Amino acid sequence: MSQPTHITLLDAADIQVRFNDNEVLKSASLTIRDGDHLGMVGRNGCGKSTFLKILAGLTQPDAGEITRRTGLVTGYLPQDMEGAAEATVMDTIRNGAAHSMQLLAEYETLAADSSRQSDLEQQIAAADAWNIDTRIKTAMTHLNAPEPKRLIGTLSGGEKRRVALCRAIVSNPDLLILDEPTNHLDTDSIEWMAEFLKKYRGAFLVTTHDRYFLDEICNHIVELQSGRFYLHKGNYSDYLESNLARMENEQALELKRKRFLRRELDWIRRGPKARTTKAKFRVDKFHGIKNTQGPDKDLEMELIIPPPGQLANRVVDLINVELELGGQKLINRFDFNFEAGMRIGICGRNGLGKTSLLRIVLGQLKPTGGSRKVGVLTEFNYVDQERIQLDPEKTLLEEVAEGSDMIDFGNGRLAIRAYLQRFGFNPKRINMKVKSLSGGEKSRLLLARILKHGGNFLILDEPTNDLDLPTLRLLEEALLAFSGCVLVVSHDRYFLNRVCTGIIAFEGDGQVVYNEGDYEYYREKLAERKEHLAKREEPAKAKAKPVTANTAKPRKLTWKEKKELEGMEEAILAAEEEVTRIEGLFADPKFHSKHGNKTSELTFEMEQAKNKAAELYTRWEELEAIRQDAGQ
């Protein structure tokens with residue numbers, strides 16, 4: 001990770017933003033220096049995305065000032081990509097490198113004796129513009145971007161996000177601003193992105209719900225709370241420790257303030273005689289502290305899932321399921337029996353068939369082979385944020401109520417207003433229109449709308465996208481307490497580790513495997529399988545036909561190898577005779593009287609002789625294979 005040089009790239013001073021009666025930024029100030037690797041955290045709707053748009057120059061604050069270093073190059077990834085629908089993927093990504101392209105274009109038109117040549121070469125080298133095409137190809141490969149010639153208008157939401165991320169990073173900007181960069185990325189792409197940012201030479205400011213990601217890439221965490229910034233040194237784990245200390249300190253100060261107010265209130269109530277001229281400072285101090293606002297309290301949230309009905313012995317059984325789409329084998333003979341209490345995570349690269357498996361479980365997609373059997377008591381509830389849309393002109397209450405003021409909740413009923421409040425929506429905002437919500441608040445509203453329908457088999461497709469960290473933790477707690485069955489697709493490693501009792505992994509070429517335990521345990525077992533496979537392939541590689549660098553013809557035995565092969569039979573016979581000799585000594589009835597004091601020594605010699613015989617056999621097979629391939 002690069003070290004800060006203390007050169008200020010950007011300074012945001014006393015930034016204020018108000019939406020109607022909601023003041024999201026209150027004199028918020030933040031300085032970003034060269035080498036700063038900043039992660040921003042805060043509740044949905046607190047103003048994170050708004051502040052990032054201000055830094056990117058896409059919107060203006062109501063008050064405050066942004067000062068940028070002269071010539072500052074900025075890259076920006078928004079939550080929602082905007083671009084010409086008729087533009088190609090490659091053109092869109094190359095637009096992100098416009099600064100580098102301009103430098104190269106100017107350099108190509110320079111006269112041979114231009115005085116600007118040296119300065120321009122320095123700028124091109126600093127931006128690494130000579131390697132722009134290589135960087136574009138690398139980013140598109142590792143971020144699994146769509147084909148270069150595809151049009152933006154034909155892409156899914158996830159594909160657009162990956163294109164936008166490529167566009168943001170290819171120019172190596174001085175300041176990189178990324179709003180939820182891990183959304184719609186698979187685990188491999190997230191790990192590559194983390195390595196990219198850890199080595200990033202410039203500065204970046206990132207908002208993300210991926211806690212492992214924040215832990216790996218950040219040297220500071222910026223917390224946005226109650227419209228102001230709090231800077232914490234270190235990564236996400238360090239932030240949790242320092243934030244807890246700050247909150248405890250604030251609570252201690254608030255307790256001290258309340259004690260003072262109680263004492264002074266008692267004194268003031270004694271009457272006019274107590275409030276003499278000499279004691280006027282006590283009255284002024286009382287009113288000053290009384291008008292001081294205490295620390296803000298977060299709205300209490302529970303994120304409740306309606307209690308599930310009972311499940312039968314059979315929940316869903318998948319029997320020899322196969323799936324082929326577009327000539328590609330996605331699932332090859334997969335068997336699995338879901339049971340009550342299971343919380344199964346699905347992971348794997350994008351495009352391997354994870355969502356297709358969800359649809360097979362739901363009965364929305366018929367497999368090309370095998371069968372699916374569903375229990376008589378199984379009731380599905382599918383959280384699919386891609387396909388379910390919110391009406392921006394409706395209020396929060398209208399979206400969730402859907403014509404009813406109450407919802408069924410276990411054996412009772414619950415008011416919609418109380419239900420929304422449990423999901424962290426302030427009663428004052430329940431009648432606001434959906435279009436005024438942040439992306440994260442919309443995700444939380446979708447969860448509230450879908451989960452109210454109950455069900456005893458929850459199926460969630462990327463539920464963590466755009467959720468803030470407090471809401472994400474509450475979702476984890478709710479799923480851990482859920483007594484039905486849960487099937488969830490996610491690339492959030494922390495989420496999978498905390499929630500899951502088992503992992504279904506798509507490993508490519510139709511291979512789908514199940515591993516009991518969390519995601520980290522699956523990764524351990526995967527590494528063990530790969531190591532075991534490599535060991536099994538070693539003998540085969542030893543027998544394989546060697547090929548020289550300059551010819552396809554099989555190589556021949558050298559003179560030394562010929563002599564070695566000629567004497568191999570005799571050497572093997574001698575080794576086996578030595579094993580037989582020592583075994584004969586152990587079989588002798590008088591062994592203990594003759595050789596009892598040499599038992600350990602003879603045992604070691606026998607093992608050595610056996611190992612030598614085995615090694616000679618392996619070497620003989622290797623040399624004989626070379627001889628036969630060469631026709632010698």
Side-chain angles (χ1 to χ4, degrees), residues 141 188 191 320 322 329 332-335 348-349 352 503 505-517 520-632:
T141 299
D188 290 342
E191 290 177 354
N320 289 329
E322 296 187 346
K329 193 80 166 183
N332 184 28
R333 299 181 67 82
F334 180 62
D335 289 282
R349 297 195 313 273
L352 293 184
I503 299 293
F506 281 71
E507 297 182 348
D509 298 324
Q511 186 176 7
V512 181
V513 300
Y514 172 71
N515 201 99
E516 192 172 0
E520 287 304 318
Y521 188 67
Y522 157 71
R523 291 295 294 262
E524 289 177 15
K525 292 301 179 183
L526 175 63
E528 289 177 9
R529 281 193 283 121
K530 288 182 176 180
E531 183 179 357
H532 179 67
L533 182 62
K535 288 181 178 179
R536 285 179 57 189
E537 291 176 347
E538 283 177 2
K541 289 179 180 178
K543 298 177 188 177
K545 175 178 61 177
V547 179
T548 65
N550 300 319
T551 177
K553 293 181 179 180
R555 80 172 184 89
K556 296 182 178 182
L557 292 171
T558 64
W559 179 86
K560 186 177 180 180
E561 288 173 335
K562 285 181 182 179
K563 292 298 181 182
E564 183 183 2
L565 183 58
E566 289 172 1
M568 190 63 70
E569 186 175 349
E570 185 177 347
I572 291 173
L573 180 60
E576 289 180 336
E577 285 178 348
E578 178 64 7
V579 172
T580 302
R581 182 188 71 81
I582 300 174
E583 286 178 342
L585 293 177
F586 279 107
D588 188 349
K590 298 181 181 180
F591 173 82
H592 289 289
S593 61
K594 292 182 178 179
H595 311 290
N597 60 340
K598 295 183 179 180
T599 301
S600 297
E601 181 182 342
L602 288 170
T603 300
F604 177 78
E605 289 178 1
M606 185 169 68
E607 289 300 317
Q608 289 290 95
K610 286 181 177 180
N611 289 339
K612 184 177 181 180
E615 290 171 359
L616 287 169
Y617 267 113
T618 300
R619 179 59 173 164
W620 175 77
E621 290 174 351
E622 178 185 347
L623 294 174
E624 187 62 22
I626 295 173
R627 185 188 68 78
Q628 291 179 4
D629 288 342
Q632 288 180 289

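In what follows, residues are counted from 1 in the order of the sequence shown. Remember, predicted model here, so these are calculated numbers, not experimental data.
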Is it the case that more than 12 heavy atoms not belonging to [X] sit under 6.0 Å from its [atom1] atom?
{"X": "Arg619", "atom1": "CZ", "answer": "yes"}
{"X": "Gln608", "atom1": "CD", "answer": "yes"}
{"X": "Lys612", "atom1": "NZ", "answer": "no"}

ask   = What residue among Lys610, Glu605, Glu607 forms side-chain contact (heavy atoms from CB on, under 4.5 Å) with Ile582?
value =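 Single pass found, and it is Glu605.
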inquiry  = Within the structure provided, determine whether Glu507 and Val512 are in side-chain contact (heavy-atom separation under 4.5 Å).
reply    =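 Counting from C-beta outward, Glu507 and Val512 never come under 4.5 Å.
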ask   = Taking the side chain as C-beta and beyond, is there a heavy-atom pair between Leu623 and Met568 under 4.5 Å?
value =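 Yes; the side chains approach each other to less than 4.5 Å.
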message = Could you check whether any side-chain N or O of Asn515 sits under 3.5 Å from a backbone N or O of Ile503, counting only pairs where one atom can act as donor and the other as acceptor?
response =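 Judged by distance alone, no pair lies under 3.5 Å.
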ask   = Can you name the salt bridge (Lys or Arg N to Asp or Glu O under 4.0 Å) partners of Glu191, sequence neighbours left out?
value =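 For Glu191, the residues satisfying salt bridge (Lys or Arg N to Asp or Glu O under 4.0 Å) (neighbours in sequence not counted) are Arg523.
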key: By salt bridge (Lys or Arg N to Asp or Glu O under 4.0 Å) - contacts of Lys598 (at least two apart)   =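 Lys598 satisfies salt bridge (Lys or Arg N to Asp or Glu O under 4.0 Å) with no residue once adjacent residues are dropped.
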How far does [atom1] of [X] sit from [atom2] of [Y], to the nearest 0.5 angstrom?
{"X": "Arg333", "Y": "Gln511", "atom1": "CZ", "atom2": "CD", "value": "14.5 Å"}
{"X": "Arg529", "Y": "Tyr522", "atom1": "CZ", "atom2": "OH", "value": "6.0 Å"}
{"X": "Asn332", "Y": "Lys329", "atom1": "CG", "atom2": "NZ", "value": "5.0 Å"}
{"X": "Leu585", "Y": "Leu602", "atom1": "CG", "atom2": "CG", "value": "6.0 Å"}

ask   = Should Leu565 and Glu624 be marked as a side-chain contact (heavy atoms from CB on, under 4.5 Å) after you check the CA-CA gap, both sets of side-chain angles, and the distance that decides it?
value = CA-CA 8 Å; Leu565 183 58; Glu624 187 62 22; 3.8 Å; yes
task = Compare every heavy atom of Val579 with every heavy atom of Ala609, then report the nearest pair and how far apart it is.
result =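 Looking at all heavy atoms of both residues, the closest pair is CB-CG2, 3.5 Å.
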Name every donor-acceptor pair, under 3.5 Å, that has one atom in a side chain of residues 569-578 and the other anywhere in the protein, sequence neighbours excluded.
{"from": "Glu576", "atom 1": "OE2", "to": "Tyr617", "atom 2": "OH", "distance (Å)": "2.8"}
{"from": "Glu578", "atom 1": "OE1", "to": "Arg581", "atom 2": "NE", "distance (Å)": "3.2"}
{"from": "Glu578", "atom 1": "OE2", "to": "Arg581", "atom 2": "NH2", "distance (Å)": "2.9"}

message = Applying side-chain contact (heavy atoms from CB on, under 4.5 Å) to Trp620 and Glu622, what does each step give before you reach the verdict?
response = CA-CA 5 Å; Trp620 175 77; Glu622 178 185 347; over 6 Å; no
